[in-house]
Participant: 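Got a structure for you, written out below as structure tokens; questions coming shortly.
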Amino acid sequence: MQENLGHQSIAEAFVDARKTASAFHSYPGEIPQSMDEGYAIQDIAIALDGRQIGGWKVGRVPPDRVEKFAAERLSGPIFVDEITDAANGDIPEMPIYGDGFAAAEAEVLLRLGSVPQEECDIDTVTRYIDDVRVGIEIASSPFSQINGYGPAVTVSDFGNNKGIVLGPSIAEWRDADLLTMPVSLQIDGETVGSNNMADMLDGPFGSVVFLLNLLRKRNIAITPGIWVSAGAITGVHDVESGQTVKAGFGDNLEASCKLVAI
């Protein structure tokens, strides 16, 4: 019971801090020591928050933490009101916790048009995906040290997500070699990272397979139309309020946003 009470108070602290944009610099309780503990806190926080979930972010567990936490990836919810469609080239304002943690990541975003009833692998999961976009994940938390305490802590605060920017679709993505597509991220016009998706474990479709298995394990309903933010491609880049972020993909696809502290 004490453990559950501890999970409840941690979840309440994060939800309250997000609603009031109140930053803190120490973890609000006993640090979770396993992914199961982190997801237990996240489940409580999702219920407390009450908003509709429109997607899930998937992130990579640092290689030096994989053995301890028995996981290579992690996940957190993306709420509908924090999904911004900028496929027309707009540069939307995206909120961050100015006194907390804030970063931007170039990512591909995949939409599930239908939900598989059977287990999938990388090859079969593609038949359920009906759109693949370029975009940006905003990783921001009221807890300024969230990335310093391991993946279970990251999971406990919605996976350190504060929204996504949906850029244009990748045309004919089923036939494209996504793994070799060059990707870059700029902050205020300066390139701070470049890479391709070949370093993303088993790639963005592997992220979708991971997420489906995880949600089923957690008894969370999987609904058509949800977005999967598949993981950072060029790295996790610290950002500040007032900066403009642009993610470039291939020769002519990009998504941008301006960051605003709340």
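Source: prediction; values computed, not measured.
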Participant: Kindly indicate, with the supporting measurements, whether the criterion side-chain contact (heavy atoms from CB on, under 4.5 Å) is fulfilled by T154 and N147.
Facilitator: CA-CA 6 Å; T154 300; N147 276 359; 3.8 Å; yes
Participant: At what distance, to the nearest 0.5 angstrom, does CD of E37 lie from CZ of F69?
Facilitator: 9.5 Å
Participant: Treat each ILVMFWY residue as a node, draw an edge where side-chain heavy atoms are under 4.5 Å apart, and state whether L212 and F205 are in one component.
Facilitator: yes
Participant: Counting only heavy atoms not in D99, do more than 12 fall under 6.0 Å of its CG?
Facilitator: no
Participant: To the nearest 0.5 Å, what is the distance between CE (M200) and CD (E107)?
Facilitator: 7.0 Å
Participant: Side chains of R51 and V80: closer than 4.5 Å at any heavy-atom pair?
Facilitator: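 With C-beta onward as the side chain, the pair stays apart.
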Participant: Flag yes if more than 12 heavy atoms outside D251 fall under 6.0 Å of its CG atom; otherwise flag no.
Facilitator: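 Not more than 12 within 6.0 Å, no.
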Participant: Is any side-chain heavy atom of V208 less than 4.5 Å from a side-chain heavy atom of Y128?
Facilitator: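 Side-chain contact under 4.5 Å: no.
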Participant: Using the rule given for salt bridge (Lys or Arg N to Asp or Glu O under 4.0 Å), can you reason through R60 versus D199, listing the C-alpha separation, both sets of side-chain angles and the distance that settles it, and then say yes or no?
Facilitator: CA-CA 11 Å; R60 186 170 182 175; D199 288 336; over 6 Å; no
Participant: Answer yes if the side chains of S169 and D131 hold a donor-acceptor pair under 3.5 Å, and no otherwise.
Facilitator: yes
Participant: Any chance you could lay out the side-chain contact (heavy atoms from CB on, under 4.5 Å) test for I78 and S229, step after step, and finish with the verdict?
Facilitator: CA-CA 9 Å; I78 307 170; S229 191; 4.0 Å; yes
Participant: How many angstroms lie between atom OG of S26 and atom CD1 of I31, to the nearest 0.5 angstrom?
Facilitator: 9.0 Å
Participant: Taking atom types as modelled, find out whether E137 and N161 have a side-chain donor-acceptor pair closer than 3.5 angstrom.
Facilitator: yes
Participant: Could you tell me whether the side chain of I146 reaches within less than 4.5 Å of the side chain of V153, counting heavy atoms only?
Facilitator: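 They are in contact (side-chain heavy atoms under 4.5 Å apart), so the answer is yes.
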Participant: Membership question, hydrophobic clusters at under 4.5 Å side-chain separation (ILVMFWY): are V58 and L110 in the same one?
Facilitator: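 Yes, because L110 and V58 connect within a single hydrophobic cluster, where side-chain heavy atoms sit under 4.5 Å apart.
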Participant: Which is it for Y27 and I10 under the side-chain contact (heavy atoms from CB on, under 4.5 Å) test, yes or no, and what are the steps along the way?
Facilitator: CA-CA 8 Å; Y27 193 75; I10 293 168; 3.3 Å; yes
